[in-house]
Amino acid sequence: MTVQDGRGGDVRDTVAGPHEEGLLAVLHARLVARAQDEGLLDVAYRVVDSPVGRVLVAAGDAGVLRVAFEVQGHEAVLDDLAARVSPRVLEGGDRLDPVLRQLDEYFTGSRTSFDVPVDLRLARGLRRDVVEALPRIAYGTTASYTQVAAAVGRPAAVRAVATACALNPVPLLVPCHRVVRSDGSTGRYVGGDEAKRTLLALERTPLVSGAPEA
């Protein structure tokens with residue numbers, strides 16, 4: 001760990017040991033908790049492992065704002081949140097516990113739908129209409145881009161629907177992975193084509209007993 005003086009000069013340069021890392025984690029957790037208690041934490045985020053790679057989940061007071069895959073560039077996503085929502089962004093906190101628990105249940109086959117609040121302020125116009133329509137596609141099923149366009153009252157806007165799916169701010173929670181091409185092929189996906197195939201295969205697997213129904 002490098003420690004700098006007030007002018008930016010290095011005072012010492014060592015590798016942080018387990019004790020130092022643990023202390024930093026405790027101090028950071030206290031910082032996040034205090035910021036949240038004092039209303040100074042506008043966006044909290046965490047990055048977790050999943051069957052489709054590392055996933056960033058960010059939430060504000062009103063609900064989950066972003067779910068982003070590693071291929072999207074997590075740093076770029078955080079920069080975008082800071083610019084479009086608030087610069088008061090911190091990693092950690094207990095705000096994300098419910099959605100992370102439900103995502104874990106989804107990936108282990110014991111959940112088919114999500115009931116955590118979602119904040120869709122980052123989707124507007126037709127894109128928001130599309131995102132709001134996607135949860136109607138039931139778990140384990142798919143719909144074509146053409147069908148989604150018709151469902152939002154814009155049957156000729158198939159390309160715009162595809163763009164809206166690609167820009168969905170909360171994939172997984174809002175299932176754009178269930179939208180496929182009219183010929184039945186999977187099409188592209190914001191998390192990568194392999195991630196889309198993985199999610200569709202997951203939803204074709206028999207459910208674990210007691211899973212919440214979609």
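- Every residue meeting the side chain to side chain contact (heavy atoms under 4.5 Å, CB included) condition with Asp115, not counting sequence neighbours, appears here in chain and number order: Gln102, Arg111.
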Review item, side-chain donor-acceptor pairs of residues 150-170, under 3.5 Å, at least two apart:
{"unit_1": "Thr163", "atom_1": "OG1", "unit_2": "Arg159", "atom_2": "O", "d": "3.2"}
{"unit_1": "Asn168", "atom_1": "OD1", "unit_2": "Val170", "atom_2": "N", "d": "3.0"}
{"unit_1": "Asn168", "atom_1": "ND2", "unit_2": "Val174", "atom_2": "O", "d": "2.9"}

Side-chain donor-acceptor distances from residues 75-85 under 3.5 Å, at least two apart:
{"unit_1": "Asp80", "atom_1": "OD2", "unit_2": "Arg84", "atom_2": "NH1", "d": "3.3"}
{"unit_1": "Arg84", "atom_1": "NH2", "unit_2": "Leu122", "atom_2": "O", "d": "3.3"}

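- Considering CG of Leu90 and OH of Tyr45, their distance stands at 8.0 Å, rounded to 0.5 Å.
- Between Ala44 and Leu96 the shortest heavy-atom distance is O-CD1, 3.6 Å.
- Cluster annotation: Val47 and Val57 are assigned to distinct hydrophobic clusters (Ile/Leu/Val/Met/Phe/Trp/Tyr, side-chain heavy-atom contacts under 4.5 Å, transitive).
- Transitive grouping of hydrophobic side chains (ILVMFWY, heavy atoms separated by less than 4.5 Å) brings Leu172 and Val71 into a common cluster.
- A donor-acceptor contact shorter than 3.5 Å is absent between the side chain of His177 and the backbone of Leu200.
- In terms of modelled atom types and a separation under 3.5 Å, the side chain of Ser110 and the main chain of Glu105 share a donor-acceptor contact.
- Looking at Leu173, Asp104, Val67 one by one, the single match for side chain to side chain contact (heavy atoms under 4.5 Å, CB included) with Val99 turns out to be Leu173.
- Thr186 meets the side-chain hydrogen bond (donor to acceptor under 3.5 Å, both in side chains) test with no other residue; sequence neighbours excluded.
- Every pair passing salt bridge (Lys or Arg N to Asp or Glu O under 4.0 Å) that includes a residue from residues 199-208 is listed here, sequence neighbours excluded: Arg178-Glu203.
- Residues passing the side chain to side chain contact (heavy atoms under 4.5 Å, CB included) test with Ser185, sequence neighbours excluded: Arg181, Asp183.
- Hydrophobic clustering places Phe114 together with Val48 (ILVMFWY residues linked when any side-chain heavy atoms are closer than 4.5 Å, directly or through intermediates).
- Contacts of Pro98 classified as side chain to side chain contact (heavy atoms under 4.5 Å, CB included), with partners at least two apart in sequence or in another chain: Arg101, Val116.
- Under a hydrophobic-cluster definition in which Ile, Leu, Val, Met, Phe, Trp and Tyr are linked whenever side-chain heavy atoms come within less than 4.5 Å, directly or via other members, Val190 and Val118 are assigned to the same cluster.
- Pairs passing the side-chain hydrogen bond (donor to acceptor under 3.5 Å, both in side chains) check and including a residue from residues 54-68, sequence neighbours excluded, read Asp49-Arg54, Asp61-Arg95.
- Formation of a donor-acceptor pair under 3.5 Å by the Lys196 side chain with backbone atoms of Cys176 is not found in this model.
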Using distance only, find each side-chain donor-acceptor pair of residues 126-138 under 3.5 Å and give its atom names and separation, not counting sequence neighbours.
{"unit_1": "Arg128", "atom_1": "NE", "unit_2": "Glu132", "atom_2": "OE2", "d": "3.1"}
{"unit_1": "Arg128", "atom_1": "NH1", "unit_2": "Leu120", "atom_2": "O", "d": "3.3"}

Side chain to side chain contact (heavy atoms under 4.5 Å, CB included) between Phe107 and Leu202: does it pass, once the steps are laid out?
-> CA-CA 8 Å; Phe107 285 125; Leu202 168 70; 4.2 Å; yes
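- Within the structure, the ring pair (Phe, Tyr, Trp, His ring centres under 6.0 Å) test picks out no pair touching residues 78-97 (sequence neighbours left out).
- Closest non-hydrogen pair, Val148 versus Ala143, comes out as CG2-CB, 4.3 Å.
- Note on residues 49-71: pairs passing ring pair (Phe, Tyr, Trp, His ring centres under 6.0 Å), not counting sequence neighbours, are Phe69-Tyr189.
- For the atom pair CG of Leu199 and CD of Glu194, the computed distance is 10.0 Å after rounding to the nearest 0.5 Å.
- Listed here is the closest heavy atom pair of Ala62 and Asp119: CB-OD2, 3.7 Å.
- With sequence neighbours left out, Thr141 forms a side-chain hydrogen bond (donor to acceptor under 3.5 Å, both in side chains) with no residue at all.
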